[in-house]
There are 2 protein chains.
Amino acid sequence: MTTISDIARLAGVSKTAVSKVINGHADIGEATRRKIMNIMAELNYRPSVLARGLTLGKSWLIAVCLFPDQAHMSGRAHNLESRFYGPIINSCNDYLSQRDYDLLVLSSNPTTRENAGVWYRDKLQERRVDGYILISHVSQLAALATLNEVQIPRMCLGIKMPGFRSAYIESNNYRGAHQGVQYLHTLGHRRIALIGDTNSSMSGRHRMQGALQAVREYGLTIPDGAITYGDFSRHAGSDAMKSMAEIIRSERVTVVFAFNDYMAFGAIDAAHELGMSVPGDISVMGFDDVELAADFHPALTTIRQNTAVMGEIIGESLIKLIEDSQFEPPEVMVDTTLVIRSSVSPA
Amino acid sequence: MTTISDIARLAGVSKTAVSKVINGHADIGEATRRKIMNIMAELNYRPSVLARGLTLGKSWLIAVCLFPDQAHMSGRAHNLESRFYGPIINSCNDYLSQRDYDLLVLSSNPTTRENAGVWYRDKLQERRVDGYILISHVSQLAALATLNEVQIPRMCLGIKMPGFRSAYIESNNYRGAHQGVQYLHTLGHRRIALIGDTNSSMSGRHRMQGALQAVREYGLTIPDGAITYGDFSRHAGSDAMKSMAEIIRSERVTVVFAFNDYMAFGAIDAAHELGMSVPGDISVMGFDDVELAADFHPALTTIRQNTAVMGEIIGESLIKLIEDSQFEPPEVMVDTTLVIRSSVSPA
DNA sequence: TTGTACGCGTTATCAT
DNA sequence: ATGATAACGCGTACAA
């Protein structure tokens, strides 16, 4: 593998001269500059990130730390396959690669899973990672404490964890749910049912608060028993729907608002099984806008989390945190978007 | 950040002694060994991978190079979100992390997309990546040629590209499709329809060959016009089904075998739209076993690609290629599994 | 422009 | 048998 010394020797100059050309310093003659450039191009020379990182104390590495909550794996696996985190990480990577940072995927393996916190901490340290994305859940706060021992900027997703240069980003779940209910009201729905989050996740709570607030504002009615809870999985949505079927009929509920798409899918499954058509007999609204939502039958009306925007903001914020010590770790709220499709019809 | 010199100083020994302890060399006294160990533990010391990589000429980095074929993005996006590659990469990462390798996600950004080959080559070189997974498509062979300029072991997925220590892995698509038709025959189906791949991907062709071979072996009939092609997207499956609807009815076809799950979903959509029940009026079989297959209504009978196994084999092979120069780059065929659910019933 | 020291480990080589 | 000294890997930065 070609090194900077090779280039220097072939060009008949010092390593310093080559280094200056590489880094675009001005104090180098045009003639030597061109000569060096040519030789580098000819040999396809690429400076070693390891070596330059060693002196500069940087790795140009951003890690993704996926820290699953075993109990809640069902609806949203915390790995690259996740329908929610996958798109975010992707768009973040697109941004980062434009800024010459690369993405390292840290996913604690089965054997290290017990003390994954330690494993992640060590990895971050060993690799001199410049910043990381922490994807986890409130229930993991204790297990993650060790991460605070290493002082690296981070963006938290799904868990707001205080610490060194620790930023946080989430969708405006409150507003999103509020917006959803408002839309239902606009369509003339007056009696609604909700499917919330069994596990008291931050996002689940905010969606509930936003929805309930809108229900009050617009004077809607939620009959007794028309709020059920699920674990964000499709089955849970189906179960929830079945358990509310009787109330929906007797109380003339016209729409079910599930707090994520998968539970909405499940609710629709159940409706069909129960001989109800969607949205003919009952409308169903989701939350997230996962890929499948558009392809579902009926296509799901839902509240979109803008994953592309989130990914970009994450990348941008991380780089600012890394490169500008004055930059304060932000707490970002990303607006959601109402996506009107066909699972909700006028009341 | 603590360095090896810090440890050495605090322990009152030389860097060499510390290094020997880190690497478990035998020529070190038990007393000093323990002393050094204690200090390292106390300070939470982790040797820099950059520094050790610099001397050892290793990075313990495996890259994933996602090289999309613009034309075929529809059914199978070549990124982490892919329903097919995502699980493979995940399981591979699980294996690699046990062997102390980490996964670097290289996804050429929009601006570098034109000459992505060069971008990837440079990244691999700069980071001194130890090995990589190349995910692409035959149509990209020319664009990827530059990758061969860098001599790093690789595993190819979706594209068989000769080169330095270049291995290849795929599902046994031929056998899988054969197996599928055999199963249909077992259930008494005699007149069948196929939905193949418009783009002549390797896997698509093998599936077609395997299916046709089995059709001959078991003496089944494919009526004229009962083979259509799609681009592996759901819509294509739907279109294919609609275009064959007439023939299916008139020729008493009892089952449609789509060469991927998404087209199977689309075919089922169309069947429903056309007032046919699945599997009552027509059976539908898929290929891949993506996550959704189990949750679909009706749950999809399909041929599973064993992504978990593939990921592990990829990791294992890469490490062997890296660490043992005698190891010959293998061409692996991974067997598929027939997954019987409810979209196919006896004829 | 160049020489030189430095960043952080590893590995001969050598001394006890 | 143990452990120290010194050179090295590949770039960058500072003084000259």
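The sequence lines fix the lettering, A, B, ..., with proteins before strands; numbering per chain opens at 1. Just so it is clear, the model here is predicted, and its values are computed rather than measured.
Residues of residues 16-27 of chain B that place a heavy atom closer than 4.0 Å to DNA chain C, in numerical order, are B:T16, B:S19, B:N23.
In this structure, the CD1 atom of B:I4 is 14 Å from the P atom of D:dT5, given to the nearest Å. To the nearest angstrom, P of C:dC6 lies 12 Å from NZ of B:K15. Atoms CG (A:L54) and P (C:dA5) sit 18 Å apart, rounded to a whole Å.
Among the heavy atoms of the strands, none lies under 4.0 Å from A:L50. No engagement by B:G57 is indicated, since no non-hydrogen atom pair under 4.0 Å with the nucleic acid exists. If you check every strand for non-hydrogen atoms under 4.0 Å, A:R33 touches nothing. A:T32 comes within contact range of the sugar-phosphate backbone alone, with a heavy-atom separation under 4.0 Å but no base atom that close. The residue B:S14 sits close to a base: some heavy atom pair falls under 4.0 Å. Heavy atoms of B:I28 sit under 4.0 angstrom from primed sugar atoms or phosphate atoms, though from no base atom.
For C:dC8, neither phosphate oxygen OP1 nor OP2 lies less than 4.0 angstrom from any side-chain nitrogen or oxygen of B:Y45. The phosphate of D:dG11 (OP1 or OP2) has no side-chain N or O of A:R46 nearer than 4.0 angstrom. One finds no side-chain N or O of B:T55 lying less than 4.0 angstrom from the OP1 or OP2 phosphate oxygen of D:dG9. For D:dC10, the OP1/OP2 oxygens have no side-chain nitrogen or oxygen of A:R52 closer than 4.0 Å.
Across D:dG9, D:dT12, D:dG11, the shortest atom-to-atom separation from the side chain of A:L56 is found for D:dT12.
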